[in-house]
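So that the names make sense, note that chain A is the first sequence line, chain B the second, and so on, each numbered from 1. Since this is a predicted model, take the numbers as computed values, not measurements.
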There are 2 protein chains.
Amino acid sequence: MAKALYLDDLAVGRKFVTGSTTLTVEGCKAFAAEFDPQPFHLDDAAAQQSVFGRLAASGWYTASLSMRLLVEGEMTIAGGLIGLGGDMSWPRPTYPGDTLHVETEVLAVRVSDSKPDRGVVTVRNQTLNQHGEPVQIAVVKMMVPRRPAA
Amino acid sequence: MAKALYLDDLAVGRKFVTGSTTLTVEGCKAFAAEFDPQPFHLDDAAAQQSVFGRLAASGWYTASLSMRLLVEGEMTIAGGLIGLGGDMSWPRPTYPGDTLHVETEVLAVRVSDSKPDRGVVTVRNQTLNQHGEPVQIAVVKMMVPRRPAA
């Protein structure tokens, strides 16, 4: 089991990477059918007529796959990855066949004033495709516990 | 089929609502198993020991269900709901049994300088539970076409 990381371990500038995952047509369409049933996520012919030009993944599929990669990645926060919110952008679409991974950098670390046993860590999670192009940039705040007294 | 809405139809302050959906234990666990396999989203006993106190849905499940509600809701943008990014927060968890709907308000409308056939519309999508409490607040920018010349 990976070492649990506490707020005290997360200096600004620390970086983490994840493994990778490759999108399939079936995966993109199944997610879209359940959560984002728009023609350009479901149907090749309709997608060709859309702004995407070909079948594109839902941005929420990209987000959900990024979460999976993060959960299985190097950033093994004690108590789990618990996001409070953040700023998301999708600079370009993802398509079936794309291989994605996530690179994280710690941007800020703040101990809670009211609850000194924890704090908020701000990270930038960049999801990159096989060309190294960002397909999702998420600057998110996470709740992170402090290391318990020995 | 619902009337297609163009940028020209979306005045600041215009509001839209969606239908509702009720979370199930099975749905929460299935999503978590695929996209957010953390103990507090998968296992009742582990969740009781966590900050959530009981089995909670992944925030990405809340986000994905909110997208489904929006796609099937009143805001029938011409060409579809295409998000460019935005600011998200999860003020409180969602749990199995919660019934969610989304309320939208148009915050800003801007015609593109470089592409005058379209623009960017900023909306606040609030996902509310059955108590009227926000469980997700997303201020997002969407690409929206202008009404074609007659």
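In this structure, Val123(A) is a member of the same hydrophobic cluster as Val111(A), with clusters built from ILVMFWY side-chain heavy atoms closer than 4.5 Å. In the hydrophobic clustering of ILVMFWY residues, with side-chain heavy atoms under 4.5 Å counting as a link, Val12(A) and Met142(A) come out together. Taking hydrophobic clusters as Ile, Leu, Val, Met, Phe, Trp and Tyr residues chained together by side-chain heavy-atom distances below 4.5 Å, Val109(B) shares a cluster with Val144(B). Under a hydrophobic-cluster definition in which Ile, Leu, Val, Met, Phe, Trp and Tyr are linked whenever side-chain heavy atoms come within less than 4.5 Å, directly or via other members, Trp60(A) and Leu81(A) are assigned to the same cluster. Under the 4.5 Å side-chain heavy-atom criterion for grouping Ile, Leu, Val, Met, Phe, Trp and Tyr, Ile137(A) is not connected to Val102(A) through any hydrophobic cluster.
In this structure, CD1 in Ile82(B) is found 11.0 Å from OG in Ser58(A), a value given to the nearest 0.5 Å. Expressed to the nearest 0.5 Å, how far CG of Asp87(A) lies from OG of Ser89(B) amounts to 11.5 Å.
Close approach to chain A, defined as a heavy atom under 4.5 Å from one of its heavy atoms, is seen in Phe31(B), Ala33(B), Glu34(B), Phe35(B), Asp36(B), Pro37(B), Gln38(B), Phe40(B) of residues 22-45 of chain B, taken by number. Scanning residues 62-72 of chain B against chain A with a 4.5 Å non-hydrogen threshold yields Ala63(B), Ser64(B), Leu65(B), Met67(B), Arg68(B), Val71(B), sorted by number.
Using a 4.5 Å cut-off between heavy atoms, Val140(A) does not touch chain B at all.
Per-residue counts of heavy-atom pairs under 4.5 Å with chain A were compared for Ser50(B), Gly85(B), Gly86(B); the largest is that of Gly86(B).
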